[in-house]
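Single-structure report; data block below.
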Amino acid sequence: MSTNTNKPLFEKQIVLNAVKDSFIKLNPSYLIKNPVMFIVGIGALLTSIICIIDIINHKPVSFDLQIAIWLWFTILFANFAEAVAEGRGKAQSENLRKSRTTTKARKLNGTTETIVTALELRAGDIVVCEANDLIPADGEVIDGVASVDEAAITGESAPVIRESGGDRSAVTGGTKVLSDKIIIRITSNPGETFIDRMISLVEGAKRKKTPNEIALSILLSGLTIVFLVVVVTLKSFFNFYEITLGQDINAVSVPVLIALLVCLIPTTIGGLLSAIGISGMDRLLKHNVIAMSGRAVEAAGDIDVLLLDKTGTITLGNRIATEFIPAPDVNEDYLADAAQLASLSDETPEGRSIVILAKEKFKIRERNIHELNVKFVPFSAKTQMSGVNIEASGSHSERIIRKGSLEAIKKYLSEQTNINIAIQSDYMITQMIGVDIALSGGTPLVVVENNKLLGVIQLKDVVKGGIKERFEQLRKMGIKSIMITGDNQLTAAAIAAEAGVDGFIAEAKPEDKLFRIRDEQAQGKMVGMIGDGTNDAPALAQADVGIAMNSGTQAAREAGNMIDLDSSPTKLIEVVEIGKQLLMTRGSLTTFSIANDVAKYFAIIPAIALSLFATNSLNGPLSVLNVMQLASPQSAILSAVIFNALVIIALIPLALKGVAYRPEGAATILKRNILIYGVGGLIIPFIGIKIIDVLITLLKLV
Amino acid sequence: MNFLFDTIQFVLFLVVLTSGSVFFGGLFYKALIGERNLLSPILLKPEKFIYKIFRIDEKYEMDWKEYLKGILSFSFLSFLFVLAIQLLQQYLPLNPQNISNVEFFLAFNTAVSFMTNTNWQAYSGESTLSYFVQMIGLTVQNFVSAAIGLSVLLALIRGITIRQGKTIGNLWVDLTRSVLYVLMPLSIILAILLISQGVVQTFDSYTTVQTIEGSNQIIPLGPAASQIAIKQLGTNGGGFFGVNSAFPYENPTPFSNFLQVLSILLIPGALVFTYGKMLSNKKHAWLIFGVMMFAFCSGIIVSYWSEVSNSSTFHSSELMEGKEMRFGVFNSVLWSVATTVASNGSVNAMHSSMSSISGMVELINMQLGEIIFGGIGSGLYGMILFILLTVFISGLMVGRTPEYFGKKIEAYEIKWAIIGILIPSVVILFFTAIGVTTNVGLSSILNKGPHGLSEILYAFTSGANNNGSAFAGLNANTNFYNILIGFAMLLGRFGVIIPVLAIAGNLVKKNITPETSGTLSTNNFLFGFLLLSVIIIVGALTFFPALSIGPIIEHLLIKSGYTF
């Protein structure tokens, strides 16, 4: 899927389908969902009927017929815009749909296994999957551990581990088990999976309008009503001159009034509104984010505060050893050697990182642990230490090496030596080193051999590369980032400073996340939350925008309203951008659409009022409003209608791509968009209508 | 020389208006929120006394529906009362001229007109209404209808400023304070000043004098000064005498003229600064005031220019027919623009006699929705509807759910804002369409051609926007116009009040979003420009066709020497 990002805007197949769909969408029951285009439809129908009556009565119809044709085109163009957006969205979701398997599933009833199709599975069913099986539906691993290939949905070829319990228990339908055997409880019914929901967001007919879209539709409907009244009453005002002064008002025919109406109502934005919404979802899919609703995407554009877990999002997930700091009378390589020995059997990432650091820095090779006569002391919750005992052999005397936190070692030494270790000078030095490390955001690990302090290993959280720039970007967007961590204040502050977040919550308990979100919301802020663990689920549900990592638990994925298939924590930036683009595109095209009306007035009003108070030799006085010097009343009206239709086609690419968003202050963005779409919207139609008028006159269409 | 003199007058007017607005804005703020103020020593006791006799619990708060119910029932009772005393004025006291009972549809029209703060006058004061009806009926309405507008504004402001509340204030407290602290003191001062200039204030019957030609002339008298003061201050506009402030007893001297024009705009201007104080955002108040001033001054300049540059057709430098001869063209222009930007409607010259372009300026001023200063309270709440619309469109353009002072502007607000903005426009266009195409409508017009169209368009524009000024020319005292304009006034008044209160009721429930760098500022020049554009474009797009075949075509015809 990630290979599709550079697709051309119009693919041949999509365009062909869209042309077909444009006609299918003429169905009145479909058209009525869009009041603006529905009015155009009624206008087109009326004009066509008038043409037919005129043809029967052998009256000239060329002009009215051309109006009718262009009115139909106006609707078709709008339908086409929506159909193209749908087509692209569908193509995007096709990959997802394909992955929705119809293969057999091995359903468990107690201990008996039955083979059913994936479509027969319901939430709560238990299935078993072994190596090379496709996981039949979204679910949660309840037993076992397996490596799973999720390339089908994430495009990422490296397999991932999925296991019961813990934070990596969720599996997605359509992914493939590569090894081992897992028992899965299905969590969604067919048609209700994440992918199904996402697909429905890119289909015009099923799509629910987002809140701002509804508000805008109301505005557009209001404008449509007022223009309807303007046009209907305008006819009466002309009648006044006919009644009182016997003026010739034949130019004010029904088709001409309909043309005026269609030109005035906001067809540009009305025609493209649905395409804008669909293509927004489509862009989201391209960034490998599945949204549960359009509302969530729109809300993302409003986020004021972003809460995110430190581990796995800001930092690389595990602390690693970065330095050996020996005690005053100890060699650094001796410390490294002892530290490595103590960590050889330590399979935690931290332990491994110590071995690696010693190897890299001092070329201390991993020794074959069986050659040495060693006994490993694994980490225990009671002692808070781990280490190694090496029996005396030959030249060696016995070595008892321990590593642990400052507190643990202090306790250990006190017990071993039975003296107050705290006043020993080497302990005090070690403690100072430890505080130093903690201040810089690291964790000190003290190494002791035969009750002698050797020094300290500095463990550090490694902040992900480029993350600082991402937070800087968020800040420019007006979003404050808050890091949540279980670390102590000192460590948290140091990491927060290194990562460039705006704030942090240290020593956080799971419920602290929820409280912080409620707190921010009470202040009127929109809160975004990124999480993956089960204990994140309440916070994800409480947040206005909850993005769950695809690698997270099913509980987290259910609680959030978006799922990031790439499990990339700063994906929010793209989501925010898309949310903002959605609004900006709608706002800008609305402005453009309304600004266009000015020029259309100057084309049509002088044309229909030309005969008012006209004399044999002179046009009516209102011809001075014909600032574009359009050739004739008929060409003026036709040009306006044609321009109105063509501008929809011309703006389809913009609707699909969205107005460019840059993280800048509101004033800058507004200024730019006003200049382009407001001022541009005033000027462009004057030029466009004039050009079309020249062409019409050249081709002698009227 | 004339031009220089006019310019000095204009600048002086603007300076006095602006400083007066700032001063009174602060005073009103304290009074309206119930804080101790300059007038408390005198007015606090009467205020508490009113609460006591009407059993008003000052601490009680209403939600928007209760607030609205209060307004509707209060207005309906007002209407019934004014209607009844007109229908029965012959049997009531203070009727020295023995004027007979008012005919029903005229009484209906007049009752609606004063209850809605429109003061459209299909009657002529001196020949149709007794002193009793004028004082107890109309003058009282001049106060309370203005106070209703102010109360609705206060409710809306509470909706904007209160965080997650349920209630938007107490209507009866708002009404009392509006009358006591805002309208009464200024009216008393103005009435005294006007009397000092020679405006009549008496219960005597009309006197008859013999003119030098030997014929008898009846000089109408009455308690005029007190009604004129509130008619100007309360954006009412209904003159005591038929020709309003063009009548010497209503407006005798240049100073009284200056005072009266000033008082048209003073309270609406001051309320902008009251709003700024309530928001704790002076900048926003200056922005709104600036937008209003810009529109007002543009109107004056265009209108003035059109009056003095007509020489070719009429062979005179200024159009003087129907103008205020005593004070000059500029004062007619200033008054006509002031009275139409504010929903006042009093006149010191006949608007029908202004140039076609001046007539169009007046029409546009009203058609924008009476929001450039506008009526007491109603001008600003109408303006806030436009601000909401501007915030919405520009909010979308910066990619954030639109907010106004932290309150999210969503579908509900947009729906009601659109309704509030569109109802008066739709009423104007529909009713005018009926007027210009039916015999009963056409039979009232004086002039053929575009001017006749303007007469009818003006009448409904004035009615639906609760302005009340008349274009003259149209005989509006027919059943057709009395009924239709009556309904236009009702729709124009409550068609905006209901949406405004609905918005207030919904906004008050919302939380206030703190400002971030992504928040659109509503205080800078750019927003002011946008607001003005939205106002002009919405107004222009709605009325441009009608205006183009009305005043614009008239102007063009006159320029080419075509007359009717």
Side-chain angles (χ1 to χ4, degrees), chain A residues 211-212 214-216 218-219 222 225-226 229-230 232-234 236-241 243-245 264 298 301-302 304 476-478 522-526 579-581 583-584 586-588 590-591 594-595 597-598 601 605 609 612-613 621-622 624-625 661 665-667 669-671 673-674 678, chain B residues 163 389 392-402 406 409-411 413-415 418-419 421-422 425-426 429-430 432-434 436-437 442 448-449 452-453 511-514 516-521 524 526 530 533 537 540-546 548-550 552-553 556-557 559-560 562:
Chain A
N212 280 311
I214 293 170
L216 183 58
I218 292 171
L219 175 69
I225 291 168
V226 84
V229 174
V230 166
V232 169
T233 55
L234 186 61
S236 306
F237 299 159
F238 275 98
N239 284 345
F240 167 81
Y241 286 107
I243 298 167
T244 58
L245 295 168
L264 293 181
E298 216 177 68
D302 292 342
D304 300 301
K476 279 192 195 146
M477 289 173 163
Q523 293 171 41
K525 291 181 188 160
M526 292 285 272
K580 284 188 181 289
Q581 273 189 321
L583 298 196
M584 283 165 59
R586 287 187 202 128
S588 300
T590 305
T591 309
I594 296 171
D597 283 1
V598 175
Y601 265 141
I605 296 290
L612 272 190
F613 303 104
L622 276 185
V624 299
L625 292 182
Y661 173 76
I669 298 175
L670 185 61
K671 229 177 269 173
N673 287 340
I674 290 282
Chain B
R163 181 194 287 260
L389 213 58
F392 180 72
I393 294 175
S394 46
L396 288 186
M397 270 197 282
V398 302
R400 203 176 152 87
T401 297
I409 306 305
E410 291 161 301
E413 287 77 23
I414 290 302
K415 179 178 74 185
I418 287 281
I419 291 174
I421 289 171
L422 295 189
S425 303
V426 169
L429 289 173
F430 260 126
T432 306
I434 297 170
V436 296
T437 46
L442 289 171
K448 278 189 179 171
L453 182 70
N511 202 340
I512 293 174
T513 312
T516 72
S517 65
T519 313
L520 173 85
S521 165
N524 53 21
L526 185 63
L530 266 177
S533 313
I537 287 188
L541 290 183
T542 313
F543 291 104
F544 181 73
S548 63
I549 64 170
I552 293 179
I553 208 168
L556 295 169
L557 286 171
K559 248 176 52 181
S560 60
Y562 194 112

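Here is the naming used below: chain letters follow the sequence lines, and residue numbers restart at 1 for every chain. Everything quoted here is computed from the prediction, not taken from an experiment.
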_Option in Thr432(B), Ile419(B), Ile537(B), Asn524(B) with maximal non-hydrogen atom pairs under 4.5 Å from chain A_ = Thr432(B)

*asked:* Report which part of Leu453(B) has an atom under 4.5 Å of a heavy atom belonging to chain A: side chain, backbone, both, or neither.
replied: both

*Can you tell which of Gly301(A), Ala667(A), Gly587(A) has the highest number of heavy-atom pairs within less than 4.5 Å of chain B?*
Gly587(A)

*Pick whichever of Ile225(A), Asp597(A), Thr244(A) has the most heavy-atom pairs under 4.5 Å with chain B.*
Asp597(A)

_Using heavy-atom distances under 4.5 Å, tell me whether Leu541(B) contacts chain A through its side chain, its backbone, both, or neither._
both

*Mind listing the closest non-hydrogen atom pair of Ala522(A) and Arg163(B) along with its distance?*
O-NH1, 3.6 Å

*asked:* Using every non-hydrogen atom in the two residues, find where Asn511(B) and Gly524(A) come nearest and quote the distance to one decimal.
replied: ND2-N, 3.2 Å

_Audit row: Val230(A), Phe544(B), side chain to side chain contact (heavy atoms under 4.5 Å, CB included) steps and yes/no_ = CA-CA 9 Å; Val230(A) 166; Phe544(B) 181 73; over 6 Å; no

*Highest number of heavy-atom pairs under 4.5 Å with chain B: which of Ile669(A), Asp302(A), Val232(A)?*
Asp302(A)

*Winner by heavy-atom pair count (cut-off under 4.5 Å) against chain A, out of Ile434(B), Ile421(B), Leu429(B), Thr437(B)*: Leu429(B)

*asked:* Quick check: closest heavy atoms across Lys415(B) and Ile218(A), and the distance to 0.1 Å?
replied: CA-CG2, 3.5 Å

_Where Met397(B) and Ile674(A) come nearest, the two heavy atoms and their spacing_ = CE-CD1, 3.4 Å

*Tell me, side chain or backbone of Leu442(B) under 4.5 Å from chain A's heavy atoms, or both, or neither?*
side chain

*Do Pro545(B) and Phe237(A) come close enough that some side-chain heavy atom pair is under 4.5 Å?*
no

*Residue among Leu234(A), Ile594(A), Leu625(A) with most heavy-atom pairs under 4.5 Å to chain B*: Leu234(A)

_Walk me through whether Phe240(A) and Ile549(B) qualify under side chain to side chain contact (heavy atoms under 4.5 Å, CB included)._
CA-CA 10 Å; Phe240(A) 167 81; Ile549(B) 64 170; over 6 Å; no

*Quickly, which of Asn673(A), Leu219(A), Leu583(A) forms a side-chain contact (heavy atoms from CB on, under 4.5 Å) with Leu396(B)? Name it, please.*
Leu583(A)

_Given heavy-atom pairs under 4.5 angstrom as the criterion, report whether the side chain, backbone, both or neither of Thr519(B) touches chain A._
backbone

*Non-neighbouring partners of Thr513(B) that pass side-chain contact (heavy atoms from CB on, under 4.5 Å), sequence neighbours left out*: Asp304(A), Arg400(B), Glu403(B), Lys408(B)

*asked:* Taking every non-hydrogen pair under 4.5 Å, which of Ile243(A), Leu264(A), Asn239(A), Val598(A) racks up the most with chain B?
replied: Ile243(A)

*Is it the side chain or the backbone of Phe543(B) that comes within 4.5 Å of chain A heavy atoms, both, or neither?*
neither

*Please check if any side-chain donor atom of Thr401(B) sits under 3.5 Å from a side-chain acceptor atom of Asn212(A), or the reverse.*
yes

*Report the distance from atom OG of Ser394(B) to atom CG of Leu670(A), rounding to the nearest 0.5 Å.*
5.5 Å

*Taking Met477(A), Gln581(A), Arg586(A), Lys671(A) one by one, which has the highest count of heavy-atom pairs under 4.5 Å against chain B?*
Lys671(A)

*Do you know which two heavy atoms are closest between Leu216(A) and Phe392(B), and how far apart they sit?*
N-CZ, 3.6 Å

*By side-chain contact (heavy atoms from CB on, under 4.5 Å), which residues pair with Leu556(B), not counting sequence neighbours?*
Pro621(A), Leu622(A), Val624(A), Ile552(B)

*At their closest point, which heavy atom of Ile418(B) faces which heavy atom of Gly222(A), and how far apart are they?*
CG2-CA, 3.8 Å

*Stepwise side chain to side chain contact (heavy atoms under 4.5 Å, CB included) check, Tyr241(A) with Val436(B)*: CA-CA 9 Å; Tyr241(A) 286 107; Val436(B) 296; over 6 Å; no

